[in-house]
*Asks:* 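Here you go, one structure.
Chain letters run A, B, ... following the sequence lines, proteins first and then strands; every chain starts at 1.
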There are 2 protein chains.
Amino acid sequence: MAKRKMTSTNSINREKLNDLCGMEYAIDLLGGRWKLLILYKLENRALRFIELKKILPGITDRMLTLQLRELEKDGLLHRTVYPEVPPRVEYRLTDSAEKLIPVWKALERWGDAHREVQLPG
Amino acid sequence: MAKRKMTSTNSINREKLNDLCGMEYAIDLLGGRWKLLILYKLENRALRFIELKKILPGITDRMLTLQLRELEKDGLLHRTVYPEVPPRVEYRLTDSAEKLIPVWKALERWGDAHREVQLPG
DNA sequence: CAGCATCCTACCAGATACTG
DNA sequence: CAGTATCTGGTAGGATGCTG
């Protein structure tokens, strides 16, 4: 089978979509180190580039830019540029992305619970 | 901040756990191309190595082995070896992993729905 | 069957410098 | 402020061959 790229820095091959179940599709769009985390931080609020950078520990400008661009392209983020000086750009969730809120809420709860089990005390 | 490895082929740095929210912890454990998919395929059934390989399109022996070992180490899979010839090894979800079922169910539904929106027709 | 060992490469992602 | 451009190393992950 043809190699399907799957990293945080790629978008899905549109021609291969019919081969994928919803899970694989979702993993393709959200997989990687930063994407889910970025969406999660944008829950119920728009944030600027620099604000995102502050609350995403260790991300570089480059990676943040790349991830934001892909999330935008995949219909998960809105990017709004305000024609001001200095420039201001805000990112917020699309309706599609907001439907993911229950998913990451559940994932977060699980993470907290599982961590307790694995690291008691 | 110290670089925190985050790939499908590493386990979390236990000393850094206090810095992480449940989300980051969960992403660390489940991130990457295969892990969530493997767990998903094991829902409600135990599978053998070769069976997993068949239903995971494109995975290599090497990657499947690596991912299974990490999932086992992180407390998400049970590995049962039956002392037979030829050898038989079965993998099944732990209780912790079973608590993730609602997460990937929701993710799967979202993937299906989002794909419809992005690719009408 | 269920893997491990080895080798190899593409490319992810960090560091740094620069720009409108 | 909100990004690009460029260079680079590390590693994810593929191919192949072998073993208990």
*Asks:* Pick the closest DNA chain D nucleotide for A/Leu68 and for B/Thr60 by heavy atoms, then say which residue is nearer the 5' end.
*Replies:*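 Comparing both residues, the 5'-ward one is A/Leu68.
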*Asks:* Starting at CE of A/Met63 and ending at P of D/dA2, how long is that distance when rounded to a whole Å?
*Replies:*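 Interatomic distance, CE of A/Met63 to P of D/dA2: 19 Å.
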*Asks:* Return no unless some side-chain N or O of A/Arg33 is found under 4.0 Å from OP1 or OP2 of C/dA13.
*Replies:*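 Indeed not, no polar side-chain atom of A/Arg33 lies that close.
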*Asks:* Verify whether one side chain among A/His114 and B/Ser96 offers a donor that lies under 3.5 Å from an acceptor in the other.
*Replies:*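 Judged by distance alone, the side chains do pair up.
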*Asks:* Using a heavy-atom cut-off of under 4.0 Å over every strand shown, decide if B/Tyr82 touches base, sugar-phosphate, or nothing.
*Replies:*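 Counting heavy atoms under 4.0 Å across all strands, no contact is made by B/Tyr82.
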*Asks:* Would you kindly give the CD1-to-P distance between A/Ile38 and C/dA13, to the nearest whole Å?
*Replies:*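 Distance check: A/Ile38 CD1 to C/dA13 P gives 11 Å.
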*Asks:* Determine the interplanar angle of the B/Tyr40 and B/Trp104 rings, folded into 0 to 90°, and report it as parallel if under 30°, tilted if 30 to 60°, perpendicular if over 60°.
*Replies:*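 Aromatic pair B/Tyr40/B/Trp104 classed perpendicular.
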*Asks:* Tell me the interatomic distance from B/Lys35, atom NZ, to D/dA12, atom P, rounded to whole angstroms.
*Replies:*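 To the nearest whole Å, that distance equals 10 Å.
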*Asks:* Under the criterion salt bridge (Lys or Arg N to Asp or Glu O under 4.0 Å), I'd like the reasoning laid out for B/Asp112 against B/Arg109: C-alpha separation, chi angles, the key distance, then a yes or no.
*Replies:* CA-CA 5 Å; B/Asp112 286 331; B/Arg109 277 194 302 274; over 6 Å; no
*Asks:* Can you find a side-chain donor-acceptor pair between B/Tyr91 and B/Arg79 that sits under 3.5 Å?
*Replies:*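 Yes, B/Arg79 and B/Tyr91 have a side-chain donor paired with an acceptor closer than 3.5 Å.
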*Asks:* With nearest nucleotide decided by heavy atoms, which residue, B/Glu51 or A/Pro87, maps closer to the 5′ end of DNA chain C?
*Replies:*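 First, find each residue's nearest nucleotide; the 5'-ward one identifies B/Glu51.
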*Asks:* Looking only at side-chain atoms of A/Arg69, point me to the closest of D/dT4, C/dA2, D/dC1.
*Replies:*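 The answer is D/dT4.
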*Asks:* Do NZ/NE/NH1/NH2 and the carboxylate oxygens of A/Glu90 and A/Arg92 come within less than 4.0 Å?
*Replies:*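 The answer is no: the pair does not qualify as a salt bridge.
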*Asks:* B/Leu47 CG to C/dA2 P: how many Å, rounded?
*Replies:*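 It works out to 11 Å between those atoms.
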*Asks:* For A/Asp61 and C/dT19, what is the distance between atoms CG and C1' respectively, to the nearest whole Å?
*Replies:*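 Between C1' of C/dT19 and CG of A/Asp61: 13 Å.
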*Asks:* Round to a whole Å and report the spacing from CD1 of A/Ile59 to C1' of C/dA13.
*Replies:*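 Spelled out: CD1 on A/Ile59 to C1' on C/dA13 is 10 Å.
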*Asks:* Report the distance from atom CD of A/Glu70 to atom P of C/dC11, rounded to the nearest whole Å.
*Replies:*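 Atom CD in A/Glu70 sits about 14 Å away from atom P in C/dC11.
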*Asks:* Taking NZ from B/Lys54 and C1' from C/dA2, how many angstroms apart are they, rounded to a whole number?
*Replies:*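 Going from NZ in B/Lys54 over to C1' in C/dA2 covers 13 Å.
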*Asks:* Assuming nearest nucleotide by heavy-atom distance, tell me which of A/Arg79 and A/Arg62 is located more 5' along DNA chain D.
*Replies:*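 Counting from the 5' end, the first nearest nucleotide belongs to A/Arg79.
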*Asks:* Out of C/dC1, D/dA15, D/dA2, which nucleotide sits closest to the side chain of B/Ile50?
*Replies:*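 Selected nucleotide (nearest to the side chain): C/dC1.
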